[in-house]
Amino acid sequence: MCSRRSSIKRDVAQLRAAGVDVPTHGQVKAIGRGVSHKRQIVSDWLAGSTSSQIKQRRWHAISSIERSCRDFHRVARLAARGLDVAEIRQSTGFSERLIGEYVALYEAAGHDNERLRHVLSTPDEATAAPAEIKRGAWLK
């Protein structure tokens, strides 16, 4: 078996389909879904941590950290414009769960958070012009 996560998930699925019991930590401990790494990364960023500090703490690549923060910026900008979760999902393609986590962070940070205030006050091409709805799809 390969050690890549996608291969492991595929192998576990095949074993389960063949009737083999493959207990996982989540099933054994009944812990359910936890807080996503993306939420932890953005929370650290909102608290003032640098990408290097987050990398040391969360063991993620700088590119992953920057992507999570960029995605949060998109959601925060759209939430600030009054879009709801369904509209943000349609606009970004992100999962409702992730959008919910990012909106919760946005609301918890409040407008006095320096980093959030900077993101919302800096123009961005992705959210500068409102999207148009044509035939049920969001277009730029």
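The chain is numbered in sequence order, starting from 1. Computed from heavy atoms alone, side chains included, the values below leave out hydrogens, waters and symmetry copies.
Taking both residues in full, the closest heavy atoms of Arg89 and Phe94 are given as NH1-O, 3.0 Å, listed atom of the first, atom of the second, then distance. Here the closest non-hydrogen pair linking Lys38 and Ser68 is CG-OG, 3.5 Å. The two residues Ser49 and Ile54 make their nearest non-hydrogen contact at CB-CG1, 3.7 Å. Annotation for Ser91 and Leu78: closest pair OG-CD1, 3.9 Å, computed over non-hydrogen atoms. Residues Cys69 and Ile41 come closest through the heavy atom pair SG-CG2, 4.4 Å. The two atoms that bring Ala79 and Ile88 nearest to each other are N-CD1, 3.9 Å, heavy atoms only.
Taking the six-membered ring where tryptophan is involved, the planes of His111 and Tyr106 are perpendicular, since the angle between them exceeds 60° and thus also 30°.
No donor-acceptor pair closer than 3.5 Å links the side chain of Gln14 to the backbone N or O of Asp11. A donor-acceptor pair under 3.5 Å links the side-chain atoms of Ser121 to the main chain of Arg117, judged by distance alone. Although no hydrogens or angles enter the test, the distance criterion places no donor-acceptor pair under 3.5 Å between the side chain of Ser43 and the main chain of Arg39.
Applying the salt bridge (Lys or Arg N to Asp or Glu O under 4.0 Å) test to pairs two or more places apart or on separate chains, those with a residue in residues 44-56 are Asp44-Arg57, Asp44-Arg58. The salt bridge (Lys or Arg N to Asp or Glu O under 4.0 Å) contacts involving residues 106-116 comprise nothing, where partners must be two or more places apart or lie in separate chains.
Residues satisfying the side chain to side chain contact (heavy atoms under 4.5 Å, CB included) criterion with Ala17, sequence neighbours excluded, are absent altogether. For Thr122, the side chain to side chain contact (heavy atoms under 4.5 Å, CB included) test picks out Arg77, His118, with sequence neighbours left out. Looking at residues two or more places apart in sequence or on another chain, you find a side-chain hydrogen bond (donor to acceptor under 3.5 Å, both in side chains) between Gln53 and Thr50. Residues that satisfy the side chain to side chain contact (heavy atoms under 4.5 Å, CB included) test with Ala47, not counting sequence neighbours, are absent from this structure.
Atom NE2 of His60 and atom CZ of Arg67 lie 10.0 Å apart (nearest 0.5 Å). Of the inter-residue distances, the one linking His73 atom NE2 with Glu66 atom CD reads 10.0 Å to the nearest 0.5 angstrom. Rounding to the nearest 0.5 angstrom, the gap separating the CD1 atom in Ile62 from the OG atom in Ser51 is 5.0 Å.
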request  = Check the pair Tyr102, Arg74 against side chain to side chain contact (heavy atoms under 4.5 Å, CB included), reporting the backbone distance first and the verdict last.
outcome  = CA-CA 10 Å; Tyr102 283 170; Arg74 289 180 66 195; over 6 Å; no
task = Run the numbers on Leu46 and Phe72 for side chain to side chain contact (heavy atoms under 4.5 Å, CB included), then give the verdict.
result = CA-CA 10 Å; Leu46 284 168; Phe72 169 75; 3.9 Å; yes
inquiry  = Let's go through Leu116 and Leu120 carefully: what are the C-alpha distance in whole Å and the side-chain angles of both, what is the deciding distance for side chain to side chain contact (heavy atoms under 4.5 Å, CB included) to 0.1 Å, and is it a yes or a no?
reply    = CA-CA 6 Å; Leu116 183 56; Leu120 295 177; 4.0 Å; yes
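Screening Asp84, Leu83, Val85 for a side chain to side chain contact (heavy atoms under 4.5 Å, CB included) involving Ile99 leaves a single residue, Val85.
Between His37 and Trp59, the ring center distance fails the sub-6.0 Å criterion.
At most 12 heavy atoms of other shown residues, nucleotides or ligands fall within 6.0 angstrom of atom CD in Gln56.
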